[in-house]
Amino acid sequence: MRNDKLQPLTVAVCVFAAAALLLGQFTVNLAGIFADGGLYSDGVFGISAPSVFAGAITLAAVFAVLFAAARLRAGAALYVAAAAFALVLRIAFVFIWKIEPQSDFLLTYNLSELLAKTPLQSWGAALAETGTIYAGKWSAHMPFVIYQAVLMRIFGASALPVQLANAVLSAVTCLFAADTAKKISGEKAGFITLFIMAVNPLTLFFIPVLTNQHAATCFFMAALWAFYAKPIKNTYLNAALCGALTAVSHLLRPEMYVVIIAAAVIAVFEMLRDKRVLKALSKFALFAAVFFAVLFICDGLLSANKITDQSILSGNLKYKTAVGLNYETTGTWSAEDEKLIFDEEKCEAAIAERLEDPIKIISLAVKKTAYQFGSFVYTWSMKDDFVSNEIYRRLSSAVMAAAGLCAAAALIFGKNREKLFPPAVILSGYIAAFAVIEVQPRYNYLLTPIIIILAADFIRKTAE
C-alpha cells in the first residue's frame, strides 16, 4: 500500500528522466551515428546512403554485442577478466591515443607542473606571481590542480603519471558502477554494467585528456555505491561516508550540489515510504554536514596558506547561468560571454535580459536538453583523422544510444522503479540544472555510469 502512494512520485521522476534521454537519442545522437564523416572535422551535417549504412551496421553490431554479453554466465572468473580488461584498455589508450593538453586542460596542467617543482611553503607566492585565474575566479578547481601536482611530484613532472592515475580511477569506477547495478538489479545487471563500462569508447578515447572528470566521477560513483552497498553497517556512519566521498568528488570537480539536492528528495521519499521521519532526516543531515565540513576545511586550508584568494565554494553560478540562458549560443560557451565573469553587474543584467521571453526559455531548455543528453562524442578526444571521425564518433554514439534507449525503457516500463529511484532523481536533477546553466557535451560524462546502470536493468530482463 505504501508503495502505491509513492507511485506518482516515482513515475514522474522516471518519466522525466526517460523523456530527456529519448529526446537526446532521437535528435543529436542520431547525427552522431548516421551523419557523414565531416560532422566534426568540418562542422557540417550531411547524410548519404553510405553514412546511413555505416551507422546502421554500427548500431546493429552494438546491440548484438550487448545482448550477447548479457547472455553469458557471468561467474567470478569472467567478472575478474572484465575488470582486468577495463584496466588494460585504459592504460593502453594512454599510450596509443596521444592527446596534447589544450585550453583549460593546458592551463591546469602547467599550474600543476609549477607546483610540483615548487616547495610547498612557496606555493602561494608562485601562484600569485603567475596571476592565475585558478586562485581567484576559478578557485573551485584548485584542489584538482593540487591533485595533479601531487602525482607529478611523486612520479615525475609529466602528463603520464596523471593519465595513468586517471586510467586506474576510471577502471575502479567500472567496479563501483557494476556493484551498484548488482545491488539494484541483480548479478546479471552487474556484469552487463561492467562490460559496457569497460569497453565504452566514450571513456576510452577520453582517458588521455587531462580533465578533472575521471577522478571526480570515481568518487561520485563510490558515494552512490556506498549508498546501496552499505559497507559500514551503522546507517549513520554510512551516511557520513557517502557525504565524505561526495565532497571529494566535488573538490575535484565542483558539480555535486545537484547531488545534495537529490539526496534531500531521496530523504523525503524515504520518509514517505518508511514513515521514519527522524531517521531519514538524521541521515540526510549527517550526509550534508560531512559534505560541507570537508569543503569548509579544505577551503580554510587553501585560504590560510594563500593558495587561493577566493573561496572554493563560490562556483560562479551567475556566470554559468548567464551563459546557459544565451539563446544565440544555445547555452554554450562564447568568448563574448566569458567577459561577464569579470563584471558582476553585467552578468546579472544579462541574466535578467535573457529571462524576459518565457517562450524562448522553454525552447532553449528543450534544445539544450537534446544537445546535452544526445552528444556522446567529445571533440577534446578527437583528432582530424579517420579513427576520430568514423570509428570513435560512430561507435561512441551507438553505444550510448543503446544505453540511453535501454535506460529510458527501464525507467518507463520497468517494475524496479523504487530501487532505480535514487539514480533517476540524480539524473533528473542534472537534466533540470543543464536546462538552465551552461552546457557542453563532456559535461554528461559524470552521468554515463548512471545511464549504463539504468540500461543494465532493462537489458538483463530482456536477455533472461
Tell me the closest heavy-atom pair linking [X] and [Y], and the distance in Å.
X      : Y      : result
Leu340 : Cys347 : O-CB, 3.8 Å
Pro449 : Met221 : CB-SD, 3.6 Å
Phe191 : Ala82  : CE1-CB, 4.1 Å
Ser375 : Val28  : OG-CG1, 3.5 Å
Ser112 : Val145 : OG-O, 2.8 Å
Val62  : Val399 : CG1-CA, 3.8 Å

Worksheet item: Is there side-chain contact between Val323 and Ser334, with heavy atoms separated by less than 4.5 Å?
Response: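 When only atoms from C-beta onward are counted, Ser334 and Val323 do not touch, as no gap falls below 4.5 Å.
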
Item to complete: Would you mind reporting whether Gln25 and Phe376 have side-chain heavy atoms less than 4.5 Å apart?
Response: yes

Worksheet item: What's the verdict on side chain to side chain contact (heavy atoms under 4.5 Å, CB included) for Ile196 and Ile459, showing C-alpha distance, side-chain angles and the deciding distance?
Response: CA-CA 11 Å; Ile196 300 174; Ile459 295 172; 4.1 Å; yes

Worksheet entry | Set of residues satisfying salt bridge (charged side-chain N to carboxylate O under 4.0 Å, His left out) with respect to Arg253, sequence neighbours excluded |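 Arg253 satisfies salt bridge (charged side-chain N to carboxylate O under 4.0 Å, His left out) with Glu255 once adjacent residues are dropped.
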
Item to complete: With side chain to side chain donor-acceptor pair (under 3.5 Å) as the test, would you mind laying out the steps for Tyr228 and Lys419 before giving the verdict?
Response: CA-CA 9 Å; Tyr228 278 103; Lys419 283 192 173 182; over 6 Å; no

Worksheet item: Got a sec, which residues hit ring-ring contact (aromatic ring centres under 6.0 Å, His included) with Phe421, two or more places apart in sequence or on another chain?
Response: Phe269

Discussion item. Once ring-ring contact (aromatic ring centres under 6.0 Å, His included) is applied, do any residues pair with Phe206, and if so which ones, sequence neighbours excluded?
Written reply: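 So Phe206 forms a ring-ring contact (aromatic ring centres under 6.0 Å, His included) with His214, Tyr378, Tyr445.
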
Worksheet item: Do Lys230's NZ or CZ and the ring of Phe227 fall within the cation-pi criteria of under 6.0 Å and 45°?
Response: yes

How far does [atom1] of [X] sit from [atom2] of [Y], to the nearest 0.5 angstrom?
X      : Y      : atom1 : atom2 : value
Leu302 : Ser139 : CG    : OG    : 8.5 Å
Leu210 : Leu107 : CG    : CG    : 12.0 Å
Phe458 : Ile192 : CZ    : CD1   : 11.0 Å
Met197 : Ile453 : CE    : CD1   : 7.5 Å
Leu313 : His250 : CG    : NE2   : 6.0 Å
Ile451 : Leu411 : CD1   : CG    : 10.0 Å

Distance-only criterion, 3.5 Å: show the donor-acceptor pairs between side-chain atoms of residues 126-133 and protein atoms not counting sequence neighbours.
unit_1: Thr130; atom_1: OG1; unit_2: Leu127; atom_2: O; d: 2.7
unit_1: Thr130; atom_1: OG1; unit_2: Thr132; atom_2: N; d: 3.3
unit_1: Thr132; atom_1: OG1; unit_2: Tyr134; atom_2: N; d: 3.0

Donor on one side chain, acceptor on other, [X] and [Y], under 3.5 Å:
X      : Y      : answer
Arg90  : Ser170 : yes
Tyr319 : Lys137 : no
Asp104 : Tyr109 : no
Thr211 : Gln213 : yes

Worksheet entry | Residues Tyr430, Val259; criterion side chain to side chain contact (heavy atoms under 4.5 Å, CB included); working and verdict | CA-CA 9 Å; Tyr430 281 102; Val259 174; 3.5 Å; yes

Item to complete: Using a strict cut-off of less than 4.0 Å between a Lys/Arg side-chain nitrogen and an Asp/Glu carboxylate oxygen, indicate whether Asp337 and Lys320 qualify as a salt bridge.
Response: no

Worksheet item: Charged N to carboxylate O under 4.0 angstrom, Lys183 versus Asp179?
Response: yes

Practice prompt. Decide yes or no on side chain to side chain contact (heavy atoms under 4.5 Å, CB included) for Trp333 and Gln440, but give the supporting numbers first.
Written response: CA-CA 8 Å; Trp333 178 90; Gln440 186 184 132; 5.6 Å; no

Fill in: More than 12 heavy atoms from other groups under 6.0 Å of OH on Tyr79
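Yes, OH of Tyr79 has more than 12 neighbouring heavy atoms, counting only those of other groups under 6.0 Å.
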
Practice prompt. Please indicate whether Tyr327 has more than 12 foreign heavy atoms, meaning atoms of other residues, nucleotides or ligands, lying under 6.0 Å from its OH.
Written response: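 Correct, the count exceeds 12.
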
Please tabulate, for side-chain N and O atoms in residues 289-300, each donor-acceptor pair with protein atoms closer than 3.5 Å (sequence neighbours left out).
unit_1: Asp299; atom_1: OD1; unit_2: Ile312; atom_2: N; d: 3.0
unit_1: Asp299; atom_1: OD2; unit_2: Ser311; atom_2: OG; d: 3.0

Worksheet entry | Thr369/Phe434 under side chain to side chain contact (heavy atoms under 4.5 Å, CB included): CA gap, chis, key distance, verdict | CA-CA 7 Å; Thr369 300; Phe434 284 126; over 6 Å; no

Give every donor-acceptor pair under 3.5 Å between a side-chain atom in residues 235-242 and any protein atom, sequence neighbours left out.
unit_1: Asn238; atom_1: OD1; unit_2: Ile232; atom_2: N; d: 3.3
unit_1: Asn238; atom_1: ND2; unit_2: Ala226; atom_2: O; d: 2.9

